[in-house]
Every structure is written in C-alpha cells, then in structure tokens.
Number of protein chains: 2
Amino acid sequence: MMTEKQNQTNGEIVPTQLIIKRAVEVICGKWRLSIIHLLRNETLRYGEIKRLIPGISEKVLVHELKQLVELGMLEKKSYGEIPPRVEYTLTEKGRTVVPVIDLLEEVGQAFL
Amino acid sequence: MMTEKQNQTNGEIVPTQLIIKRAVEVICGKWRLSIIHLLRNETLRYGEIKRLIPGISEKVLVHELKQLVELGMLEKKSYGEIPPRVEYTLTEKGRTVVPVIDLLEEVGQAFL
DNA sequence: GTCGATACTTACCAATTGGTGGGCAACTGA
DNA sequence: TCAGTTGCCCACCAATTGGTAAGTATCGAC
C-alpha cells in the first residue's frame, strides 16, 4: 500500500499525514478560503475585500493577507498614491487551492 | 455569475461563503483529517488509532472522535467487554470528505 | 484648518484549541 | 491480592486565534 510520497526536490520521504497536516495549516483559518474565493477571478483592493467579507475584522484581514502573500498565494501591489491604493491578486500557487474550495463547497452542503 | 446555491430541503438561499466556512469548520482541527484518512479503508479500535497517530493526546483524540460521531462521519461500536473494545468506522457521510483529503495531499506538496 | 478617504497598526481582551498528567472502572491471569 | 489491560474522564495550564476600538500617515477638497 502506498502511504508515502517522494518530495521531488531531495527525495526525502514525507509521510502522507505530514502533507495533510501542512495542507490543513495552509487552508484553515476562519476567513482564509473566503478571501481566496473572492480573488479567484478578479484583482481587488483592500477595501473591496473588506466590504465583500462582512464580519471580518480589519486586524484579521490584514494578518491573513500578509500570510497569504508570504505563502506565495497572493501578490500585493501598492501604487504609491495618496490616499493609498493596494491591490491583491491570486498567484498561480494560490490558484492551486481553488479546486479545494470547489470540492469543499460540494462537501459542505451535507453539513449545513 | 453563480454565487449562491439552493438548499434542497427548504429552498433557503445559502451563500457560497457560508458553505465554505461550514466546510472549513468541519474538516479543520489539527488531527481531524488524519483520523479520517486512517479510517478510510479499515475499521479500527480506539487504541489502534491512538498508536497510528503519534503525537496526539488522548484528550484531543477522544474529543475529535466524539465530534466526528456527532457529525455523522464516524460510527462507534462498543462491545460490552472487559477490557473494553470500541471500534470506529467511517460512515458514508464521512466518506464524502475522502476526496478532499486526496486533493489536499496533492495541493499540500507545494507548501512543504 | 478640518474633514474625508484609504490602508494599515496597536493595545488590550475573550474564546477556542490543544497539551499534561493523573484517575477510574471492571475484569483476567499470575 | 494485585498488576495489566483498555477506553475514557477531569482539572489545570499554555498557546493560538479572533475581536474591539482606537490611532496613524498623507493628500486634496471645502
């Protein structure tokens, strides 16, 4: 039975459980997938994201955006204007989790 | 653009964001998917699960199992024996999240 | 000069999550 | 009599996560 996978960079064996736990770390958080879902087919400004996710606090939104950028899932573009204008775009890497969202949308129905 | 879905039971409109948030609630937790992954093709006793998930504390394991049973994802069968014997089996409902695990396994690779 | 707009930051707090280490019940076999 | 087995509970604690409400910087418009 196949329970482990090769990591292509160095051949190190990474057990399935570790990969799953890492994936859970990456996608979890109360609002994270909502943000990615929002950005799946448009670039949005900070304020637009905030308005489109009612209930999220600024502190958390800023924090999530920062982490998503660090993870390489979002690209942040600041125009040097005043008042500030900042845009967030989903990267290719971020786009890999879109199918997860679609699947979760199906699966989630059963648990409402 | 399709951003909402009909809930089949009463026709109530449930926005996509709510469904996603619910799905996240259901699958998240440090160990939850590991447990489901373990049980994907065999029934296991409590002690076996514990041994197969190194690092999990008893308190958390018991708690997770209880919640998974409540969610209808796991079935618990107690034989009235001493010392106790308790088996956990993945239900059909629980089986719906197996594809999520498989997808996360693919996606998670990129974030190791 | 003060207001509004925008994208944050900060201090403080509350709730949730997870971990540690012990205990317990009930029977069996030595 | 007494340790071993097994599934689970409990009190307590620490870390993480999330929320509230306020403040900041900079500009143009009135």
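If you're wondering where the values come from, they're calculated on a predicted model, not measured in any experiment. As a basis for the values below, the full set of heavy atoms in this structure was taken, side chains included, without hydrogen atoms, waters or symmetry mates. Chain identifiers are assigned alphabetically (A, B, ...) following the order of the sequence lines, protein sequences preceding nucleic acid strands; residue numbering begins at 1 within each chain.
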Take the protein atom NZ of A/Lys50 and the nucleotide atom P of D/dG18, then report the distance between them rounded to whole Å.
18 Å
Tell me whether the side-chain N/O atoms of A/Arg45 come closer than 4.0 Å to OP1 or OP2 in C/dT6.
no
Nearest-angstrom distance from the residue atom NE2 of B/His63 to P of C/dG19
13 Å
Is the shortest side-chain N to carboxylate O distance from B/Glu25 to B/Arg22 below 4.0 Å?
yes
Closest to the A/Val86 side chain: C/dC8, C/dT20, D/dG7?
C/dC8
Selected nucleotide, minimal atom distance to A/Ile82 side chain, candidates C/dA7, D/dC27, C/dA26
D/dC27
Regarding the side chain of A/Glu58, the nearest nucleotide among C/dC8, D/dC27, D/dC8 is C/dC8
Hey, does the side chain of B/Lys77 come within less than 4.0 Å of D/dG7's phosphate (OP1/OP2), counting only N and O?
no
A/Lys66 side chain: which of C/dC27, C/dT9, D/dT6 is closest?
C/dT9
Using the closest heavy atom to pick a nucleotide of DNA chain D for each, name whichever of A/Lys59 or B/Lys59 lands nearer the 5' end.
B/Lys59
What's the CD-P distance between A/Glu87 and C/dA7, to the nearest Å?
10 Å
Counting only side-chain nitrogens and oxygens, does A/Tyr88 get under 4.0 Å of the OP1 or OP2 atom of C/dC8?
yes
Please tell me which of the listed nucleotides, D/dC8, C/dG19, C/dC27, lies nearest to the side chain of B/Val62?
D/dC8
Does D/dT16 have OP1 or OP2 sitting under 4.0 Å from an N or O in the side chain of B/Lys30?
no
Just one of A/Gln67, A/Lys66, A/Lys59 clears the side-chain hydrogen bond (donor to acceptor under 3.5 Å, both in side chains) bar with A/His63, so which one?
A/Gln67
Decide whether B/Glu58 and B/Tyr46 meet the rule of one side-chain donor and one side-chain acceptor closer than 3.5 Å.
yes
Return the 5'-most residue of the pair A/Arg85, B/Pro83 with respect to DNA chain C, ranking by each residue's nearest nucleotide.
A/Arg85
One pair to check against salt bridge (Lys or Arg N to Asp or Glu O under 4.0 Å): B/Glu64 and B/Arg32. What are the steps and the verdict?
CA-CA 7 Å; B/Glu64 289 295 298; B/Arg32 191 165 289 195; 2.9 Å; yes
A/Leu65 atom CG is separated from D/dG18 atom C1', nearest whole Å, by 15 Å
In whole angstrom, give the distance that lies between atom OH of A/Tyr46 and atom C1' of C/dA5.
14 Å
Do B/Leu39 and B/Ile49 come close enough that some side-chain heavy atom pair is under 4.5 Å?
yes
Nearest-angstrom distance from the residue atom CD of B/Glu25 to C1' of C/dT16:
12 Å
Value in whole Å for how far the P atom of C/dC8 lies from CD1 of A/Ile56:
13 Å
Atom CD1 of A/Ile49 and atom P of C/dA7: how far apart are they, to the nearest Å?
9 Å
